[in-house]
Amino acid sequence: MTTPDLTAPSNFIKTIIEEDLKTKKYDNRVHTRFPPEPNGYLHIGHAKSICLNFGIAKEFNGLCNLRMDDTNPTKEEAEYVESIKADVRWLGFDWQERMYYASDYFGRFYECAVELIKKGRAYVCDLTPDEMRHYRGTLTEPGKESPFRNRSVEENLDLFERMRAGDFSDGSRTLRAKIDMSSGNINMRDPVIYRILHAEHHRTGDKWCIYPMYDFAHCISDSIERITHSICTLEFEDHRPLYDWFLNELNLYHPQQIEFARLNLSHTIMSKRKFIQLVEGGYVLGWDDPRMPTISGLRRRGYTSEAIRNFAERIGVAKRESTVDIALLEHCIREDLNKRAPRVMAVLRPLKVTIDNYPEDNTEELDAINNPEDPDMGTRKVPFSRVLYIEEDDFQEEPQKGFFRLSPGREVRLRYAYFIKCVNVVKDDSGKITEVRCTYDPATRGGDSPDGRKVKATLHWVSARHALDAEARLYDHLLLKEDANDVAEGQDFKSIINSGSLEILTACKLEPSLANTKAGDRYQFERLGYFCADRDSLKDKLIFNRTVTLKDTWAKVQKKGQ
RNA sequence: UGGGGAGUAGUGUAACGGCAGCACGGCAGAUUCUGGAUCUGCUUGUAGGGGUUCAAAUCCUCUCUCCCCAGCCA
């Protein structure tokens with residue numbers, strides 16, 4: 001007997017499973033599967049399905065298989081198999097020894113096809129693709145029966161065997177199920193179950209030149225693996241009668257297909273076809289570009305698998321088509337990284353600050369807390385000296401309303417260091433501010449004022465002499481609008497691509513504790529956001545991807561003021 | 001005009017004849033050595049009409065809107 005996790009939200013699929021468990025429909029077993037086609041990289045929409053299938057298995061003490069749905073040799077490649085496995089594993093799921101391939105069942109599919117022929121339920125059809133389309137009818141008109149529909153079992157058997165033997169060219173014949181050409185459900189109008197494809201398969205090589213179609217292969221694969229609940233997306237809803245038809249005609253163990261709505265995310269796209277346009281059009285730098293909603297892109301961006309799993313849980317599962325606000329994904333990663341990311345000081349757009357009354361060659365080591373959310377993460381030393389960098393927009397010569405950072409005559413705190421007061425502004429010939437001169441109060445060492453006076457802002461900073469050089473890649477939403485379809489007449493999603501989705505800052509300054517950062521390390525740059533070291537990092541120049549900004553009340557206020 | 005689905009706050013998702021809840025967002029406030037985090041409060045919803053019932057998001061009925069299907073793709 002399983003005890004469902006009370007903390008995990010329920011959904012209609014779990015309700016069905018609980019019911020099946022009660023009625024012992026599947027013998028108290030729960031067995032799901034995640035069946036990607038290895039023809040591209042996984043994205044966050046797949047993550048929803050992975051979390052659903054593996055999550056349900058775990059919750060009900062069941063099993064979940066990983067299965068490559070590789071029935072079309074012209075589209076699939078071994079490279080994708082590896083990336084899919086890596087992504088599922090990274091997401092935190094384990095299929096143990098149950099790594100399967102539909103192509104492992106090719107022999108079995110063939111036998112099933114022969115059985116259907118013998119039962120008079122399948123026939124070899126010589127219609128060309130074009131003819132078949134005409135015979136199929138339309139959404140509102142019934143189809144016509146193929147002239148080859150009533151061949152004898154013997155002739156069908158012979159023809160099908162010769163299809164397999166390679167006697168015929170691609171597209172010249174198909175094997176079709178004999179169902180009902182007048183069905184309102186077009187999937188039931190004698191669907192093709194085998195096609196001729198003289199193509200090299202990534203696993204079976206040239207052993208086969210006929211390949212089964214999805215509808216035929218999928219239900220039998222599920223059956224072979226003794227799947228109980230075959231969970232798929234909504235567009236397969238009207239394939240279910242066909243799923244059931246094959247299994248009934250073949251008299252096989254019969255899993256239950258259940259459909260749910262795929263994930264849509266605001267401000268981005270979620271289709272392989274569009275990803276390709278992005279990559280090939282040069283809008284992004286590859287499938288794992290940190291702007292892509294692919295698993296590999298999110299990983300490179302700095303997302304954790306915990307955050308993605310948590311996201312998958314929060315969005316729920318239903319049959320209604322919907323678009324989840326990307327703000328929820330961002331919330332999930334902030335929530336996770338807030339607890340685990342060490343804090344560090346980094347200045348992205350440096351503005352030089354000189355402390356006039358600080359001794360010329362002096363350096364102090366000040367204590368800084370690594371993570372105020374987790375005292376166990378300890379403290380570190382940060383060097384302080386006379387010349388520092390602060391963030392350009394932490395200074396305003398003429399402070400706008402509501403701005404309480406540094407400006408002439410005003411005192412602020414340098415985090416973990418001292419109170420400083422701006423006494424002068426240095427500009428170049430063009431009037432651009434090149435340096436701010438300040439004085440400090442030695443009594444405020446560590447950041448507290450003995451006299452109890454308050455300061456309205458605390459700024460992050462980096463000692464110029466000790467700073468590390470770095471590059472920061474700031475990412476923003478891929479699309480300017482929530483909905484990729486919200487475009488002008490005749491335009492597509494490419495017309496609303498956010499041209500500012502990547503901003504590269506090359507003159508960043510980091511505190512020296514970051515010297516040994518490795519690719520993939522995540523930090524919170526205080527007051528700025530969460531950043532993840534990119535694999536492009538060089539020895540003398542670290543490169544960081546901004547995973548997500550911190551929530552920024554000030555930015556909101558400024559935006560409203562405009 | 002064929003077949004299959006779906007309509008609950010701005011967004012997503014619960015409630016399965018019995019108080020419409022939760023999360024994100026938004027808006028206030030408290031607090032703070034991150035304008036972060038945390039805490040508190042507020043905001044807004046059952047597509048529409050009729051019916052059954054003591055009681056309807058839930059059952060019946062009519063209507064409206066949206067999505068999917070005419071690959072030898074999955």
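Throughout, a chain's letter reflects where its sequence line sits, starting with A, and its residues are numbered from 1.
A donor-acceptor contact under 3.5 Å is formed by the side chain of A:R343 with the base of B:U34. For A:E373 and B:G36, a side-chain-to-base donor-acceptor distance below 3.5 Å is present, hydrogens and geometry of angles not being considered.
Comparing the C1' positions of B:G41 and B:U31 gives a spacing of 15 Å, expressed to the nearest Å. Atom name P, nucleotides B:A20 and B:U32: the rounded distance is 40 Å, in whole Å. Rounded to the nearest Å, the gap between the C1' atom of B:U46 and that of B:A9 is 10 Å. The separation of B:U13 from B:A6, taken at their P atoms, amounts to 13 Å, rounded to a whole angstrom. Only the P atoms considered, B:C22 is 38 Å distant from B:G4, to the nearest whole Å.
Heavy atoms of A:F236 sit under 4.0 angstrom from at least one base atom. Residue-level contact check: A:P36 touches neither bases nor backbone, having no heavy atom under 4.0 Å from any strand. Looking at heavy-atom distances under 4.0 Å, A:R136 makes contact with sugar-phosphate atoms alone, never a base. Across all strands shown, A:E237 has heavy atoms under 4.0 Å from sugar-phosphate atoms exclusively, and none from any base.
The residue among A:G316 and A:G171 whose nearest nucleotide of RNA chain B lies closer to the 5′ end is A:G316. Residues A:R240 and A:F525 both approach RNA chain B. Their nearest nucleotides, taken by heavy-atom distance, put A:R240 toward the 5′ side.
Of the residues listed (A:T547, A:L474, A:V548, A:V344), the one engaging A:F531 in a side chain to side chain contact (heavy atoms under 4.5 Å, CB included) is A:L474, and it is the only one. Checking A:F384, A:Y389, A:F395 one by one against A:W461, the ring-ring contact (aromatic ring centres under 6.0 Å, His included) holds for a single residue, A:F384. Of the residues listed (A:R176, A:R149, A:K178), the one engaging A:D190 in a side-chain hydrogen bond (donor to acceptor under 3.5 Å, both in side chains) is A:R149, and it is the only one.
Residue A:R176 has no polar side-chain atom (N or O) positioned under 4.0 Å from OP1 or OP2 of B:G71.
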